[in-house]
Amino acid sequence: MDYNFSEIEKKWQKEWAKNNVYHVENQSDKPKFYVLDMFPYPSGAGLHVGHPLGYIASDIFARYKRLKGFNVLHPMGYDAYGLPAEQYAIQTGQHPAITTQININRYREQLDKLGFCFDWSREVRTCDPKYYKWTQWGFLQLFNSYYCYQAAQARPIEELIMVFEQQGTKDLQIAQTEDITFTAEEWNAKSEKEKQQILMNYRLAYLADTMVNWCPALGTVLANDEVVNGLSVRGGHPVIRKKMKQWLLRITAYAQRLLDGLDTIEWSESIKEIQRNWIGRSEGAAIDFSIDGNDLKMKVFTTRPDTIFGVSFMVLCPEHELIEQLTTEAQKEAVKEYVTTAKNRSERERQAEVKSVTGVFTGSYAINPFNGNKIPIWVADYVLAGYGTGAIMAVPAHDSRDFAFAKKFQLPIIQVIAMEGEEITPTDTWENAKESKDGHCINSDFITDLPCKEAIKAVIARIEAAKIGYKTINYRLRDAIFSRQRYWGEPFPIYYKDEMPYPIDEQDLPLILPEIDKYEPTQTGEPPLARAKNWTYHNFPLDCNTMPGFAGSNAYYLRYMNPDCTTQYIDKQANRYWQNVDLYIGGSEHATGHLLYSRMWNKFLYDLGLVCKDEPFAKLVNQGMIQGRSSIVYRINGTNTFVSYNLRKDYQTTPLHVDINLVDNDILDTERFKQWMPDFANAEFILENEKYICGHEIEKMSKSLYNVQNPDDLVEKYGADTLRMYEMFLGPVEQSKPWDTKGIEGVFRFIKKFWRLYHPNGVDFCVSEAQPTEAELKILHKTIQKIEQDIERLSYNTSVSAFMICTNELTDLKCNKRAILEPLTILIAPFAPHLAEELWHLLSHSDFVCNAKFPVYEERYLTQDSIVYPVSFNGKMRFTLNFSANATTQEIENAVLTAPESQKWLDGKKPKKVIVVPKKIVNVVI
RNA sequence: GCCUUGGUGGUGGAAUGGUAGACACGAGGGACUUAAAAUCCCUUGGACAUUGCGUCCGUGCGGGUUCAAGUCCCGCCCGAGGUACCA
């Protein structure tokens, strides 16, 4: 019978589901393996061919590990909270839950068609109360914890209260928003409300007034990574800076551990770098400068204490608290005006005007602690309030921003670092600052002639001894804003009493998202939840914010281990068995979002003793994006005539996107094109070779460009197995590449050819029970070895090639022997599971192929009888010699030198060297 | 600017320092067929040669290490992604 993929695939998908073939238990004698995909947000557009790329890659790995004898956890679920469903709700009034459910159904249908081995009994949805109960629970634990740097872990807030009662803030090294100090007596004398306010300074989930990215159009706050160039990522609406009370996660407490952890995990260097940069650790010194004429101190942070003798001015950020005290009467007006305008400039304006340098002199002077020089103090907005101390010592000779500022305001530029052997030129001739750290100090008193790195140490030692500063570390990482003014998200399990937030009782979780009549913010600008009736807890008002998109995805990989556990977040036993994710596949766009937050969340749970691994994802692979290949037609301007690609230069044309489904191998189906849109009904064509050839463009896959390739159509035409193999054959999983349907024919041909190995006359299934020959065994074992190596490296494109080569070779030998085909069936099962299943049953097996054992290759079939050695003289190839596979190096060398061809080249001389590389080449150096 | 990646035929892409271009697409030619589909065979980096064999050049550019470099080292050029008044 012919290869009828659609019948085969439907049949086995049904059988697998009926027999629960991919169900996996939390207990097994087998070693565990956890393969995870980033769960999708079920958007209304459904899947395009780019989405399944990662899912296919992980599915192959999961199936392979299964065949290798592992108990494999390979779950799937939905990141179901999100903005599009809410936007749709605002427009149509349809409840987001309904939209989401419809989209999920469609996703599931599409995923099922591709033959994935997900254990759907473990499915999670972030919007399901059974699930978000634990998101809320996790939040409460953060609320009830603080971070202790001494223990390097999170601790219960009750402990901190006890410490406060006994010793106040003395000797505490803990993560905090502001540095506040009090004694035990002071603490004990405080009111309940005051105590709660102080605790907010330490909680890992805390409420604070922050400058946030407020998007008026969306009526919500956005995280930094949801804003690009002052516009929201979703929708592209303008975003402004605004001060608001928000929930924050104290991720900064984990900065060092998040950084250190990167060295222990197998992630791509680029993602690790992105996270390292995002955390942005920099080592330096905090130095107190005294102020001329009063007792005030000005603390600055610098990474270059070695340049302290080159300081020629100081800069405060416009928000700095010392400004008022430091401004002299004469400068008062100017400073006030500058500060006001600077504060009113939005982030977007500031970014747009990066090039322009602005600032104003305060009238005061600081004193350089090492040479007593008077240094003018300026205010400028190139110094940021949120980083370091919001104040800097400016060294224009060795910092480009300070340099630009000094040039503009004609401040002195003092060179204090010189490179070895460099000619000293006057600084007023410089065009740029010299920022290198490789030189040595000059004109710098006690550090003169020291290399920069030594000088940094020397200066820090001095300032520490003089108690005017200390070595310190700064991070760029900011605490994550955790609340959104939206409807479609997890409600905060928090109520307010006396204006202070309190956690609701854990017994009362989940706090169910209430029904509301409209999904917009209220008239007064309150979040949508303010519309809910009786949104109270024991008559106290509940928090009206909801959690952001990343809340639900923080620990979803943990819930897959025990999705039905209603009594605990994480079942200890299940967690001990599954540990953490062995292989995580997903896009790199989550590098500074989900992938950072879940590492933090996991570390927090680790501190609580709830999970056994510090890092959630041992190995991460980022699948590349699949770009669209748009087809273009060329309309002659002012007409309804379209000219073929290669003839277009003779006319004035306008390129138009055309639906790729009307195009086959760049040839346009002109009849269907006419029916496609009314505008084109009367279209005429100028053809080449009687065909209309389209142009093409590689761009983002998008509905509006008519270049979206829907996987369903391809499954319909070629089958899921062909699509799976073709997507892998396109190129390395991690690489971005354009989608091009052309090549799928090649893979389809291969699968049909593979099928014919088992159906030699093209009709009937027939395998021979004869003993395989040596040559056939060699092909088989070579293939087993290659496939195994390639899958381990996730090099699936070369595996598909190996299958093609193997099939061609077996076809040439007319081999249809069971002893060869049976292991081959198992080998191909991860890639083409339906095909393999069908063949497996035709081979009279009753069990499913996924329960088979991956074949083992034998070395003895991999060695060759004889090997051709190319012989080269001085790198030039001259002749070849045949040797048996077990010839020794000495034998080869002797044979090469005595061969008649060699005499010509040696010409009586003795060779200097003979290099024999096993199985490769013999090099003779004359 | 900085960081991370890449740069190989018409195209997607193969190559533990060891015969560059596997495998596939596309293209050209042929077989089978009344015809089409399907299938099969040959050619396909460039130049010269082609009644034999072949010879030379080729992995972004310029150097270097090595018997041997797409691969390692140094200096450039270009693309992609990340990030940015972060002191």
Side-chain angles (χ1 to χ4, degrees), chain A residues 2 225 268-278 280-282 284-285 300-304 307 315 317 350-351 353-358 380-384 386-395 398-402 404-405 432 435 474-478 588-589 591-592 622 624-625 629 665-666 696 726 729-732 734-747 749-750 752-753 756 762 789 795 797-806 808 811 868-877 880 911-926:
Chain A
D2 238 18
D225 45 291
S268 75
E269 208 42 51
S270 64
I271 294 280
K272 285 192 193 180
E273 272 309 308
I274 291 171
Q275 292 211 344
R276 282 192 194 108
N277 291 340
W278 195 260
R281 176 191 155 107
S282 58
V300 302
F301 172 73
T302 180
T303 55
R304 298 295 301 273
T307 61
V315 187
C317 65
R350 272 206 194 187
Q351 274 178 358
E353 291 167 33
V354 159
K355 295 278 182 292
S356 71
V357 182
T358 61
D381 67 359
Y382 81 91
V383 173
L384 304 178
Y387 186 78
T389 60
I392 61 154
M393 56 176 228
V395 185
H398 306 292
D399 181 282
S400 58
R401 295 151 302 173
D402 299 346
F405 195 83
N432 289 304
E435 296 185 303
N474 248 299
Y475 299 93
R476 203 183 72 101
L477 186 70
R478 308 290 171 79
S588 55
E589 66 272 20
T592 55
N622 300 112
M625 279 234 298
R629 186 182 189 277
N665 272 346
D666 283 343
H696 68 266
Y726 180 57
F729 185 63
L730 271 177
E734 298 188 65
Q735 197 170 299
S736 285
K737 54 230 152 188
W739 176 260
D740 186 351
T741 306
K742 268 190 203 166
I744 199 169
E745 288 286 349
V747 175
R749 265 173 228 155
F750 150 72
K752 284 189 287 190
K753 204 163 176 180
R756 276 200 302 274
Q789 282 173 357
S795 174
N797 55 332
T798 51
S799 328
V800 178
S801 296
F803 280 123
M804 290 176 174
I805 295 168
C806 169
N808 286 340
T811 305
V868 177
Y869 278 81
V871 179
S872 111
F873 283 84
N874 276 9
K876 303 220 170 217
M877 213 67 66
T880 56
K912 276 188 206 150
K913 226 196 284 184
V914 179
I915 299 152
V916 179
V917 181
K919 295 183 192 174
K920 292 292 177 190
I921 199 162
V922 183
N923 251 288
V924 184
V925 188
I926 314 170

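Chain naming here is simple, since letters A, B, ... match the order of the sequence lines and numbering starts at 1 in each.
- Checked for salt-bridge contact, A/E269 and A/R276 meet the test: a charged N lies under 4.0 Å from a carboxylate O.
- Checking the phosphate oxygens (OP1, OP2) of B/G82, no side-chain nitrogen or oxygen of A/S588 falls inside 4.0 Å.
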Exercise. Can you check each nucleotide of nucleotides 36-44 of chain B against protein heavy atoms at under 4.0 Å and return B for base, S for sugar-phosphate only, - for none, in 5' to 3' order?
Key: --SSS----
What N/O pairs connect the protein and nucleotides 8-13 of chain B at under 3.5 Å? Give each pair on its own line.
residue, atom, partner, partner atom, Å
B/G12, O2', A/L730, O, 2.5
B/G13, OP1, A/Q735, NE2, 2.5
B/G13, O3', A/N797, ND2, 3.2

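- For A/F803, the ring pair (Phe, Tyr, Trp, His ring centres under 6.0 Å) partners at least two apart in sequence or on another chain are A/F831.
- Residues satisfying the side-chain hydrogen bond (donor to acceptor under 3.5 Å, both in side chains) criterion with A/S268, sequence neighbours excluded, are A/S270.
- For the side-chain hydrogen bond (donor to acceptor under 3.5 Å, both in side chains) test, no residue two or more places apart in sequence or in another chain qualifies with A/T811.
- The side-chain hydrogen bond (donor to acceptor under 3.5 Å, both in side chains) check on A/R281 picks up A/Q256, A/E283, with sequence neighbours excluded.
- Every residue meeting the side-chain contact (heavy atoms from CB on, under 4.5 Å) condition with A/N277, not counting sequence neighbours, appears here in chain and number order: A/E273.
- By the side-chain contact (heavy atoms from CB on, under 4.5 Å) test, A/A802 is found to be paired with A/K786, A/I787, residues two or more places apart in sequence or in another chain being considered.
- Here A/K752 pairs with nothing under the side-chain hydrogen bond (donor to acceptor under 3.5 Å, both in side chains) rule; sequence neighbours left out.
- Nucleic acid contact class of A/S282 (heavy atoms, under 4.0 Å, all strands): sugar-phosphate only.
- Judged as a side-chain contact (heavy atoms from CB on, under 4.5 Å), and not counting sequence neighbours, the contacts of A/I744 are A/L714, A/Y718, A/T722, A/L723, A/Y726, A/T741.
- A stem is defined here as three or more consecutive Watson-Crick or G-U pairs, each with both distances under 3.5 Å; for RNA chain B these stems are B:1-7 with B:77-83, B:10-12 with B:23-25, B:26-31 with B:39-44, B:45-48 with B:54-57, B:60-64 with B:72-76.
- Taking A/D402 as the reference, A/F313, A/Y382, A/I392, A/A394, A/P396, A/D399 meet the side-chain contact (heavy atoms from CB on, under 4.5 Å) condition, with sequence neighbours excluded.
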